[in-house]
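Okay, structure first, notes after.
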Amino acid sequence: MAVSGFTLGTCILLLHISYVANYPNGKVTQSCHGMIPEHGHSPQSVPVHDISVSQMTFRPGDQIEVTLSGHPFKGFLLEARNAEDLNGPPVGFFTLIDSEVSQLLTCEDIQWRQGFTVLARMVSSMVFLMMPGNLPAASCNNITFLIVTVVEKYKIYWVKIPGPVISQPNVFPFTTPKATIVPLPTLPPASHLTKPFSASDCGNKKFCIRSPLNCDPEKEASCVFLSFTRDDQSVMVEMSGPSKGYLSFALSHDQWMGDDDAYLCIHEDQTVYIQPSHLTGRSHPVMDSRDTLEDMAWRLADGVMQCSFRRNITLPGVKNRFDLNTSYYIFLADGAANDGRIYRHSQQPLITYEKYDVTDSPKNVGGSHSVLLLKVHGALMFVAWMTTVSIGVLVARFFKPVWSKAFFLGEAAWFQVHRVLMFTTTALTCIAFVMPFIYRGGWSRRAGYHPYLGCIVMTLAVLQPLLAVFRPPLHDPRRQMFNWTHWSMGTAARIIADVVAAMFLGMDLPGLNLPDSRKTYAMIGFVAWHVGTEIVLEVHAYRLSRKVEILDDDRIQILQSFTAAETEGHAFKKAVLAIYVCGNVTFLIVFLSAINHL
């Protein structure tokens, strides 16, 4: 590959395996120029890896082996640059020897041939084939190799370690620079907190956000607590909660994650690191300098992490830091962390109901793990598919002889009840269906199969009443086909809505993450309750029919016995229905209460 004005080069980007969760294609072009991985930790100062080449001179068309060796590593970034201008862009290209562990990458908006790899295990050496392009002799006379290596852990890496210099023939030899020693930045010291935070000044001196509302971190280990205390031109921040990984909060202009000012307290090796960061879209936070924070302190006790720091209300000229004297939505989140790397929070962050200025008058506020639209969506779906549709099915299946008299518009009472309940189900489903789309502004790619199954349920719920409009007369030959079609579509919708979409998928989505595993047992209980009720009514109907058949010798006796059995059967069915409705309402209250407390 010939590139005018350059001799050779590339970026072969080899990232730590766990980082690929944020950059699934591995093409982290943000690190091409500065060669600094955005891991939020300081680079190591003493190089422990070497770069060697198969020859020290090159001509266009030569093939030169480049070998990286040293301590075992999982990731690296290798670039060739002009030895006389190390801050310039990468030059030339590499050819990958093993495409199974590397791929090409574009850097600096130029189609350099570069590569990255994900290693399933630690390696101690890697070989690449360098192929110079067909370039004029006036191009770069001396080429050096620079490398960023990530080894052992996410937080351990080296930056811009110079490699050997290769030169074109008849060029004055270039002295190989010594390894660049990157000085470790001096971090502000963090002290140990001697006692837990207190909520006694919330609403008086402190602006507090708590979950559950009015909890006290001094007395309750499960209390998630965030407070802001203004002190002249600065604000003291305190954060506490149960976590073995990290706690974080963010200031946001809206209720969506992205373009936010965030702060993290990360538990690592029995120490808590306090780290400012910023969020760009729904991606991994980018760690920023700690220079803006003062008076940092932390405490670990009984599974509770606590940290505090002070920062100025305004930070002129500091990028990504918001002024605190403006109103924002406030997010509170926690999640797992390992070796300094944080992972996506396991549940939806706690988000305040409205925007607040934390430097204004002290307040005591709460928030929710689920926005109102998603709460209403879940509530309506529970009402529709746990109550109205279930009762409507039982009425149509077992109560035709019980409520057979004409009621309204000449239709039997059972049919009127069934129709009202089913139209109610369709209406509630339609209303609930549009709410997630309004909230997300379109399709959600993070909701798994739930939205797909929801679309199927929505389609079936709309088709059922439309199909009922074209119901053939009772003795029409097509009536049997209608009955089977109507039953099949209704059963499919109930199975998908109640068993699959709701139980196993919808309740565990971050946007409506109902508390603990008891929700699954409650849903299993509801399904068992409904199936058990149907079995009881089926057995009762079968025994009633058998009881009449046994009396087949005497017509009068048959008539008398049938009338008595029918009366008895009607009373039994009504009692079962009353008990079933009470049970359904109980299950519904359980789920609606859980949604309300999110």
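Start at 1 with the first residue, then count along the sequence.
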When the aromatic ring centroids of [X] and [Y] are compared, is their separation below 6.0 Å?
{"X": "Tyr328", "Y": "His253", "result": "yes"}
{"X": "Trp256", "Y": "Tyr439", "result": "yes"}
{"X": "Phe249", "Y": "Phe228", "result": "yes"}

*asked:* Test of understanding: with side chain to side chain donor-acceptor pair (under 3.5 Å), list the residues that count as partners of Ser211, not counting sequence neighbours.
replied: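 Side chain to side chain donor-acceptor pair (under 3.5 Å) list for Ser211, sorted by chain: empty.
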Among all residues two or more places apart in sequence or in another chain, which pass the side chain to side chain donor-acceptor pair (under 3.5 Å) test with Glu534?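 Side chain to side chain donor-acceptor pair (under 3.5 Å) check on Glu534 returns Arg494, His530.
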(message) Out of the candidates Asn584, Ile524, Thr586, only one should pair with Trp529 under the side chain to side chain contact (heavy atoms under 4.5 Å, CB included) rule; please name it.
(response)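 Testing Trp529 for a side chain to side chain contact (heavy atoms under 4.5 Å, CB included) against Asn584, Ile524, Thr586 leaves exactly one candidate, Asn584.
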Parallel, tilted or perpendicular: rings of His486 and His418 (30°, 60°)
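His418 vs His486 ring planes: perpendicular.
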- Between the side chain of Thr426 and the main-chain N/O of Ala461, is any donor-acceptor distance below 3.5 Å?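 Judged by distance alone, yes, a pair lies under 3.5 Å.
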Open item on the list: Is it the case that the side chain of Ser252 and the backbone of Gln255 share a donor-acceptor pair, with hydrogens and angles ignored and the cut-off at 3.5 Å?
Closed with: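 No, because the side chain of Ser252 does not come within donor-acceptor range (under 3.5 Å) of the backbone of Gln255.
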- Val224 vs Pro242 side-chain heavy atoms within contact, under 4.5 Å: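 When only atoms from C-beta onward are counted, Pro242 and Val224 do touch, with a gap below 4.5 Å.
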ask   = Can you check whether His570 reaches Phe399 side chain to side chain, under 4.5 Å on heavy atoms?
value =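 Side chain of His570 against side chain of Phe399, heavy atoms only: no contact under 4.5 Å found.
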Problem - Phe225 to Cys208 - nearest heavy-atom pair and separation - result: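 The answer is CE1-SG, 3.9 Å.
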Query - Nearest heavy-atom neighbours spanning Pro362 and Asn204 - result: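 Heavy atoms only, the tightest pair is CG-O, 3.1 Å.
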- Output every pair passing salt bridge (Lys or Arg N to Asp or Glu O under 4.0 Å) with a member in residues 467-477, not counting sequence neighbours, ordered by first then second residue.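 Only Asp476-Arg478 qualify under salt bridge (Lys or Arg N to Asp or Glu O under 4.0 Å).
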